[in-house]
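Have a look at the structure below before the remarks.
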Amino acid sequence: MKDFQLYAITGEAFHPGRDLIEVMEEAIRGGVDIVQLRDKTSSKRDVLQKAQALRELTKKYGVPFIVNDHIDVALAVDADGIHLGQDDLPLAEARNIVGPDKIIGISTHQIEEARAAEAEGADYIGVGPIFETKSKADVVDPVTTAYIQQVAAEITIPFVAIGGIKLHNVEQVLAAGARRICMISEIVGATDVKAVCEQFTDILERHKEEA
Ligand code: TZP
Ligand code: MG
């Protein structure tokens with residue numbers, strides 16, 4: 001898959017009164033280089049409609065588009081991939097459905113899950129929640145930056161750190177070995193979405209130069 005560093009997940013609850021596509025376009029213009037539609041409450045039909053609009057937007061900017069949970073919606077809109085949790089369809093079954101060319105990302109919370117995802121052919125893994133987050137229901141306890149260090153030392157597929165990442169703590173995440181970061185609230189809940197993404201992009205680029 002095309003590499004990425006700044007991953008934005010949708011979270012419409014964080015921008016009441018603002019249009020989903022407008023917010024995500026600002027994020028992309030600020031440097032977001034992969035977008036995920038995550039919607040745990042809307043009807044399938046509404047998720048499909050949002051996915052269609054986001055597919056159009058991401059295609060315009062050449063940014064990969066991932067759909068959380070809904071494999072059927074991902075296929076219907078020709079998304080670039082899907083993101084699955086530990087309780088979703090097993091990777092092998094999902095791979096059978098989407099075929100070899102789609103990106104499959106898996107959320108992991110411990111090194112055993114990361115090893116399994118790598119062995120089973122995931123394209124990338126999520127590593128988190130690093131810090132406390134209010135953006136996910138029934139979330140497990142923070143795994144802390146110690147889990148980033150473990151994954152960085154052992155796992156060879158791309159991994160993205162997620163969960164409670166903010167401008168004020170992102171340096172800890174990068175110092176632990178993460179090169180890709182993923183956020184909901186800090187990005188889509190920002191007053192100036194583009195400016196926040198530009199700041200994250202600058203931090204990531206600076207870190208690359210120092211590495
Ligand atoms: N998976 C692990 S933590 C999380 C998800 C979807 C929520 C991340 O949201 P935020 O607002 O960046 O903490
Ligand atoms: Mg899921």
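Basis for what follows: all heavy atoms, side chains included, without hydrogens, waters or symmetry-related copies. First listed ligand is number 1; within each ligand, the first listed atom is number 1.
Electrostatic pairing of Lys2 and Asp33 does not count as a salt bridge here, judged by no charged N lying under 4.0 Å from a carboxylate O. Comment: Lys44 engages Asp72 in a salt bridge, judged by a side-chain N to carboxylate O separation of less than 4.0 angstrom. Ion pairing between Arg115 and Glu154 holds under the 4.0 Å rule for side-chain N and carboxylate O. With salt bridges taken as basic N to acidic carboxylate O contacts below 4.0 Å, none links Glu56 and Lys60. Under a 4.0 Å N-O distance rule, the pair Asp123/Arg95 qualifies as a salt bridge.
Centroid-to-centroid, the aromatic rings of His109 and Tyr147 stay 6.0 Å apart or farther.
Contact residues of ligand 1 (protein heavy atom closer than 4.0 angstrom to a ligand atom; sorted by chain and number): Arg38, Pro129, Thr133, Ser135, Lys136, Ile162, Gly163, Gly164, Met183, Ile184, Ser185.
Among protein atoms, those of element N, O or S found less than 2.8 Å away from the Mg ion (ligand 2) are Asp69 OD1, Asp88 OD2.
In the hydrophobic clustering of this structure, Val140 does not group with Val160; members are Ile, Leu, Val, Met, Phe, Trp, Tyr whose side-chain heavy atoms approach within less than 4.5 Å, directly or through other members. If you chain together hydrophobic residues whose side chains sit under 4.5 Å apart, Met1 and Val32 fall into the same group.
Within a 6.0 Å radius of CD in Glu132, other residues, nucleotides and ligands contribute 12 heavy atoms or fewer.
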